[in-house]
Asker: 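I have a structure I would like to understand better, so I am pasting it below and will then ask my questions one at a time.
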Protein chains: 2
Amino acid sequence: MTTASTRTVRKPRFDSLFQEAYLNLWRTYDRLKVVEDELFVRFDLSAQQYNALRLLEAAQPGTLPTLALGTKLISRAPDMTRMLDRLEERKLVHRERKPENRRVVEVGISPVGLSLLEELSGLVREGHKRQLGHLAARELKQLIELLQAARDPHEEPGGRWHKPPRD
Amino acid sequence: MTTASTRTVRKPRFDSLFQEAYLNLWRTYDRLKVVEDELFVRFDLSAQQYNALRLLEAAQPGTLPTLALGTKLISRAPDMTRMLDRLEERKLVHRERKPENRRVVEVGISPVGLSLLEELSGLVREGHKRQLGHLAARELKQLIELLQAARDPHEEPGGRWHKPPRD
DNA sequence: ACACAATAGTTGTTGCAACGTGTATCGTCC
DNA sequence: GGACGATACACGTTGCAACAACTATTGTGT
């Protein structure tokens, strides 16, 4: 990540502060993701599938249209259909088309899905603590604030991850 | 990402500050990654392949053993062989085994690879500016500091991404 | 009433990530 | 000198991400 240099420094060198920040973000996410993956692999689940189940849990007893669920996910999911295929195959979610608009597929969490989330609840909480438990509340809030500022120009206005204006 | 709630708030709700921080990290990385991918896709390159080329550029005219290159990468790469296969196929890198130890494969960047990096140089710099150019230097440094603190317990001691002790 | 645009989801396909196992080679110990 | 453990890389395989095109349905405009 550095241009050719005769200096024998062993720490990374960066082209710009912007690049340094982004590579730190990438590296940090990569390191912490490992902790999360270790947990979810035991349940044969990806972090994104877990995310989807949580969103459906929040919507119940209601359901969410496929597209709406997709926009609420933390990370991009260009193939919602297959993702939901796999969750439905395990009976974690149920899907149906309403007669009012047969283009739309409504997705809901199933009792099996709710049970799985119940089982995961404490473990996920512990996992996040293992990831970031060494930081103080003040540092965490600061980090959140800066991450929000960092990505705001890249969020949809009005989107759920868009920072609301401060009065 | 929230437990079942009758409150109709539209913003995400979190189980803990740790979870909130991690999900913000995930979301921010996901949003900024899109900007980077838009650039690299034009050169039929992944961010990780670009990272590898930069590391080899830094090492030249020397080379790096496959394993050493792997440990320097920003994100985990469990199959270095195939990743390097693809780079070698495009003549961006060259590989050789030394007679001293025929287990080890030394990897070096090729003139074609150097040309590609030259071509990408300004574009990558601009890309990072598009990602994070809206933040002030003070905010970027603060973000970097916090990201380092966040991941330090998850880094190898002595590793290149491990924060060196401050005196 | 019909044509066409827009919307929502599905499908075909390719490339690759990732895991686990296998192979070749070197280092150590007896 | 040979057995065995360790190291480095290669390979077989599966699952899935991602892109683009397709299909079905609804909404709009004339």
Side-chain angles (χ1 to χ4, degrees), chain A residues 26 29-31 33-52 56 63-90 92-108, chain B residues 26 29-31 33-52 56 63-90 92-108:
Chain A
W26 180 9
Y29 171 68
D30 189 75
R31 292 294 90 202
K33 182 175 179 297
V34 170
V35 178
E36 179 177 53
D37 285 347
E38 277 165 4
L39 168 58
F40 287 133
V41 77
R42 285 152 58 194
F43 295 82
D44 197 23
L45 216 53
S46 69
Q48 196 176 53
Q49 288 175 318
Y50 174 77
N51 182 210
L56 293 174
T63 57
L64 287 175
T66 304
L67 217 51
L69 176 59
T71 64
K72 290 180 198 294
L73 287 174
I74 296 169
S75 57
R76 190 168 164 269
D79 197 342
M80 288 297 297
T81 299
R82 285 172 174 134
M83 184 198 172
L84 294 173
D85 279 349
R86 292 187 278 276
L87 291 176
E88 191 174 36
E89 193 174 307
R90 289 172 61 182
L92 298 173
V93 303
H94 56 81
R95 286 195 272 188
E96 66 185 314
R97 287 184 200 267
K98 291 295 179 64
E100 303 96 271
N101 187 342
R102 298 204 332 253
R103 290 177 298 185
V104 173
V105 169
E106 292 282 338
V107 191
Chain B
W26 180 9
Y29 171 67
D30 189 75
R31 291 295 91 202
K33 181 175 180 297
V34 170
V35 178
E36 180 178 52
D37 285 346
E38 278 166 2
L39 168 57
F40 286 134
V41 77
R42 286 154 55 195
F43 295 83
D44 197 22
L45 215 54
S46 68
Q48 195 177 53
Q49 288 175 318
Y50 173 78
N51 182 211
L56 293 174
T63 56
L64 288 174
T66 304
L67 217 52
L69 176 60
T71 64
K72 290 178 198 294
L73 287 172
I74 295 168
S75 58
R76 189 169 163 269
D79 198 339
M80 288 297 296
T81 299
R82 286 174 173 136
M83 182 197 172
L84 294 173
D85 279 350
R86 293 187 276 276
L87 291 176
E88 193 175 34
E89 193 175 306
R90 291 172 60 182
L92 299 173
V93 304
H94 58 80
R95 286 193 274 187
E96 66 184 316
R97 287 183 200 268
K98 290 297 178 63
E100 304 95 272
N101 188 343
R102 301 210 324 261
R103 290 178 296 184
V104 172
V105 170
E106 291 284 336
V107 191

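First the proteins, then the strands, lettered A, B, ... as listed; each starts at 1. Side chains included, hydrogens not; waters and symmetry mates left out as well; all remaining heavy atoms used. Remember, it's a predicted structure, so these values are computed and weren't measured experimentally.
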Asker: What's the spacing between B:D79 CG and B:M83 CE if we round to 0.5 Å?
Answerer: 10.5 Å

Asker: Under 4.0 Å from any heavy atom of chain B: name the first and the last nucleotide of DNA chain D that qualifies, 5' to 3'.
Answerer: D:dA6 to D:dT13

Asker: Have a look at B:R82 and say if it touches a base, only the backbone sugar-phosphate, or nothing, with a 4.0 Å heavy-atom cut-off.
Answerer: base

Asker: Using only atom types and a distance under 3.5 Å, with no angle test, would you say the side chain of B:Q48 pairs donor to acceptor with the backbone of B:I74?
Answerer: no

Asker: How long is the line joining CG of A:L64 and C1' of C:dA8, in whole Å?
Answerer: 15 Å

Asker: Side chain to side chain contact (heavy atoms under 4.5 Å, CB included) for B:D85 and B:R95? Distances and angles first, verdict last.
Answerer: CA-CA 9 Å; B:D85 279 350; B:R95 286 193 274 187; 2.5 Å; yes

Asker: OP1 or OP2 of C:dC19 versus the side-chain N and O atoms of B:R76: is any pair under 4.0 Å?
Answerer: yes

Asker: Mind listing the closest non-hydrogen atom pair of B:T63 and B:E106 along with its distance?
Answerer: OG1-OE1, 2.7 Å

Asker: Which one of A:R82, A:E88, A:M80 satisfies the side-chain contact (heavy atoms from CB on, under 4.5 Å) criterion with A:L84?
Answerer: A:M80

Asker: Under 4.0 Å, counting only non-hydrogen atoms across every strand here, what does B:T81 touch: a base, just sugar-phosphate, or nothing?
Answerer: base

Asker: Rounded to whole angstrom units, what separation is found between the CZ atom of B:R102 and the C1' atom of C:dT23?
Answerer: 13 Å

Asker: Could you point out which residue of B:T66, B:L64, B:T81 forms a side-chain contact (heavy atoms from CB on, under 4.5 Å) with B:V105?
Answerer: B:T66

Asker: Between A:Q49 and A:N101, who's closer to the 5' end of DNA chain D by nearest nucleotide?
Answerer: A:Q49

Asker: Starting from the C-alpha separation in whole Å, work towards a yes-or-no answer on side chain to side chain contact (heavy atoms under 4.5 Å, CB included) for A:D44 and A:R90.
Answerer: CA-CA 10 Å; A:D44 197 23; A:R90 289 172 61 182; 4.0 Å; yes

Asker: Report for the helix from C:dA1-D:dT30 to C:dC30-D:dG1: angle between first-end and last-end helix axes, five pairs each, rounded to 10 degrees.
Answerer: 10°

Asker: If you find the nucleotide of DNA chain C closest to A:M80 and the one closest to B:R103, which residue's nucleotide is nearer the 5' end?
Answerer: A:M80

Asker: Once you apply a heavy-atom cut-off of 4.0 Å, does A:D79 come out as touching a base, just sugar-phosphate, or nothing?
Answerer: base

Asker: Check the angle between the aromatic planes of B:Y29 and A:W26 and answer parallel, tilted or perpendicular using the 30° and 60° thresholds.
Answerer: parallel

Asker: Looking only at non-hydrogen atoms, find the nearest pair between B:R86 and B:Q49 and report the distance.
Answerer: CB-NE2, 4.1 Å

Asker: Taking atom C1' of C:dA17 as reference, at what distance in whole Å does atom NZ of A:K33 sit?
Answerer: 10 Å

